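Notes follow once the structure below has been shown.
The chains referred to below are lettered A, B, ... by the order of the sequence lines, with proteins before strands, and numbering in each begins at 1. As the structure is a prediction and not an experimental result, all values here were calculated from the model.
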Protein chains: 2
Amino acid sequence: MHSIDSSSVQDYVKTIYGFTEWQETPITASQLAVRLAVANSSVTGMVAKLVELGLARHEKYGPITLTPAGLALGLAMVRRHRLIETFLVDHLGYSWDEVHDEAELLEHSVSDTFIERLDRKLGHPVRDPHGDPIPTPNGLISRPDAVRLDSLDDGHRARVARISDDNPAVLKFLAGHAVGLDTPLLVSGRGPFGALLTVAVGDGPGSATLQLGGELVAALWVESLGTHEGCTVATV
Amino acid sequence: MHSIDSSSVQDYVKTIYGFTEWQETPITASQLAVRLAVANSSVTGMVAKLVELGLARHEKYGPITLTPAGLALGLAMVRRHRLIETFLVDHLGYSWDEVHDEAELLEHSVSDTFIERLDRKLGHPVRDPHGDPIPTPNGLISRPDAVRLDSLDDGHRARVARISDDNPAVLKFLAGHAVGLDTPLLVSGRGPFGALLTVAVGDGPGSATLQLGGELVAALWVESLGTHEGCTVATV
DNA sequence: GCGTATGTTTAGGTATGCCGAAATACTCCT
DNA sequence: AGGAGTATTTCGGCATACCTAAACATACGC
Ligand SMILES: [Mn+2]
Ligand SMILES: [Mn+2]
Ligand SMILES: [Mn+2]
Ligand SMILES: [Mn+2]
């Protein structure tokens, strides 16, 4: 029979879980296909297998959700992925835009023992290099209460809490402009139709100004620090 | 077409290489099947693929040897395997009997970048936890001039240079009796037909005596230190 | 309500890597 | 040289996880 330690099964479940981590609505077959870079028909087949395995629920033509067992597996895989990323950055000198692909493969090959010993060596980190929370061995996870950067009004200060690691180029760009985890930002204005967001980076006197396009804005999640007096900027 | 980064191809090539590392004669199909725990017919098929890939030479019904390209791949895999084992012991607190299986999977999932950064972090080790030499990135390897323990005459002193990691139970037993890499041994006698070897462990005054059976003796490779005066024991 | 666009599933097929059973070659002993 | 026994290969099949093309459902606009 099928088995829970096929890397395909693991990636499917992890992706289904990941879709709802920073958003509400469950994933559909075609969205899953895009994220996994496989054909729609492959998803149909694999999801049927997940249902057989008791990992997912799926009514024909409906969205795909995880059962408790599937959620547990998804969280376990996310834990693996994020601990490995943390190790690569903290101990092997990787930059945060290099770690995702490496972790994507390694997560399937390490043992539970490896993960727990790694966790110990890393000092039980609570978030990965991109700010994503690391579940406990029992599957407990605490989402930082961050919001997307573009949900902030102009004049708001915020601290970067999480950057989506979907696109390495985005990560590279941000790092190149001194934007990282916990970097303070000030939303100073936006272009027409909210297309471009202008932010000041840092809180010191020599803070640079950045124009962030759609994909960059969508990748940045921040913890709001309220309005900084004297820095308010009129909303357009 | 076929590809060099299938984990099966890598394991086959690594195993073919490994067979001649501490011994002369090339491997045969059925020996390869035993080592890989697959059926003989699987070996026939896979070896044909290796030949197609330019990694191995094989005449029907003959032994299997590596081409230069195959040797390079074998050495690269051995390098990966041994660096990973070293990391597990040095940084994650694994014991030397636990690392083999973990490395057997990990070796296929890490990138070249990972391996070189790991090598750097480990300080460019020259041997793994079992005393096996670690090839350089260019495939250079220097075999320690060790001999099998049972090739020593009684009364000889020696230092453990390498222990075969084929059998975790052997490793566990030896560690439990204070035998590790570089442990000094004194061959003090042997049973009838050379079946059992008696060795004194350590060189201090409180050295324990061990009776080593066939598998243990075969697993131990030592560097001879010549005969220690005053400790010579008559050969039976 | 009806048709069409979109999303999803079905059907048929490919590649990889394994298996057991049957056929075939080699080896060694007499 | 012949035959027995062993090693190896061939053959047909299976499981996994993909694919494309075609069939089919659903949802939406008119
Ligand atoms: Mn993955
Ligand atoms: Mn991450
Ligand atoms: Mn392996
Ligand atoms: Mn080893």
Could you list the donor-acceptor pairs under 3.5 angstrom formed between side-chain atoms of residues 64-81 of chain A and any protein atom two or more places apart in sequence or on another chain?
residue : atom : partner  : partner atom : Å
A/Thr65 : OG1  : A/Arg57  : NE           : 3.3
A/Thr67 : OG1  : A/Gly54  : O            : 2.6
A/Thr67 : OG1  : A/Leu55  : O            : 3.1
A/Thr67 : OG1  : A/Ala69  : N            : 3.4
A/Thr67 : OG1  : A/Gly70  : N            : 3.1
A/Arg79 : NE   : A/Glu116 : OE2          : 3.4
A/Arg79 : NH1  : A/Pro135 : O            : 2.8
A/Arg79 : NH2  : A/Glu116 : OE1          : 2.6
A/Arg79 : NH2  : A/Glu116 : OE2          : 3.4
A/Arg79 : NH2  : A/Asp119 : OD2          : 3.2
A/Arg80 : NH1  : A/Glu107 : O            : 2.8
A/Arg80 : NH1  : A/Val110 : O            : 2.8
A/Arg80 : NH2  : A/Val110 : O            : 3.2
A/Arg80 : NH2  : A/Asp112 : OD1          : 2.8
A/His81 : ND1  : A/Glu107 : OE1          : 2.8
A/His81 : NE2  : A/Glu85  : OE2          : 2.9
A/His81 : NE2  : A/His100 : ND1          : 3.1

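Atom NE2 of A/His108 is separated from atom P of D/dA17 by 11 Å (rounded to the nearest Å). If you measure from atom NZ of B/Lys49 to atom C1' of D/dT9, you get 17 Å, rounded to the nearest angstrom. Going from atom CD of A/Glu52 over to atom P of D/dA17 covers 12 Å, rounded to whole Å.
Across all strands, A/Ser8 comes closer than 4.0 Å only to sugar-phosphate atoms, never to a base (heavy-atom distances). If you check every strand for non-hydrogen atoms under 4.0 Å, B/Ala39 touches sugar and phosphate atoms only.
Reading DNA chain C from its 5' end, the first and the last nucleotide to sit under 4.0 Å from a heavy atom of chain B are C/dT16 to C/dC26.
Mapping A/Ser3 and A/Ala37 onto DNA chain D by nearest heavy atom places A/Ser3 at the nucleotide closer to the 5' end.
Phosphate contact (OP1/OP2 of D/dA17, side-chain N/O of A/Ser6, threshold under 4.0 Å): present. Taking only side-chain nitrogens and oxygens, A/His2 never comes nearer than 4.0 Å to OP1 or OP2 of D/dA15. A/Ser42 has no side-chain polar atom (N or O) that falls below the 4.0 Å cut-off from OP1 or OP2 of D/dC18.
Ring pair B/Phe114/A/Tyr94 is tilted by interplanar angle, where 30° to 60° counts as tilted. Taking the six-membered ring where tryptophan is involved, the planes of B/Phe87 and A/Phe87 are tilted, since the angle between them lies from 30° to 60°.
For B/Asn138, there are no side chain to side chain donor-acceptor pair (under 3.5 Å) partners two or more places apart in sequence or in a different chain. Residues satisfying the salt bridge (Lys or Arg N to Asp or Glu O under 4.0 Å) criterion with A/Arg120, sequence neighbours excluded, are absent altogether. Residues satisfying the salt bridge (Lys or Arg N to Asp or Glu O under 4.0 Å) test with B/Glu102, not counting sequence neighbours, are none. With sequence neighbours excluded, the residues that form a side chain to side chain donor-acceptor pair (under 3.5 Å) with A/Thr28 are A/Gln31. Here B/His2 pairs with nothing under the ring-ring contact (aromatic ring centres under 6.0 Å, His included) rule; sequence neighbours left out. Legend: residues meeting side chain to side chain donor-acceptor pair (under 3.5 Å) with A/Arg148, ordered by chain and number and at least two apart, are A/Asp150.
Between its opening and closing five pairs, the helix from C/dG1-D/dC30 to C/dT30-D/dA1 changes axis direction by 10°, a value rounded to 10 degrees.
Counting only distance, with no hydrogens or angles, the side chain of B/Arg143 and the backbone of B/Pro133 share no donor-acceptor pair below 3.5 Å.
Applying a 4.0 Å cut-off to non-hydrogen atoms, the residues of residues 11-33 of chain B that approach DNA chain D are B/Thr28, B/Ala29, B/Ser30, listed by residue number.
Heavy-atom neighbours of B/Glu59 CD from other residues, nucleotides or ligands within 6.0 Å: at or below the threshold of 12. The 12-atom threshold is not exceeded at CD of B/Glu215, counting heavy atoms of other residues, nucleotides or ligands nearer than 6.0 Å.
At least one side-chain heavy atom of B/Lys49 sits under 4.5 Å from a side-chain heavy atom of B/Val9.
The ring-ring contact (aromatic ring centres under 6.0 Å, His included) contacts involving residues 11-63 of chain B comprise B/Trp22-B/Trp221, where partners must be two or more places apart or lie in separate chains.
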Distances under 3.5 Å between protein N/O atoms and the N/O atoms of nucleotides 22-27 of chain D, please, pair by pair.
residue : atom : partner : partner atom : Å
D/dA25  : O4'  : A/Tyr61 : OH           : 3.1

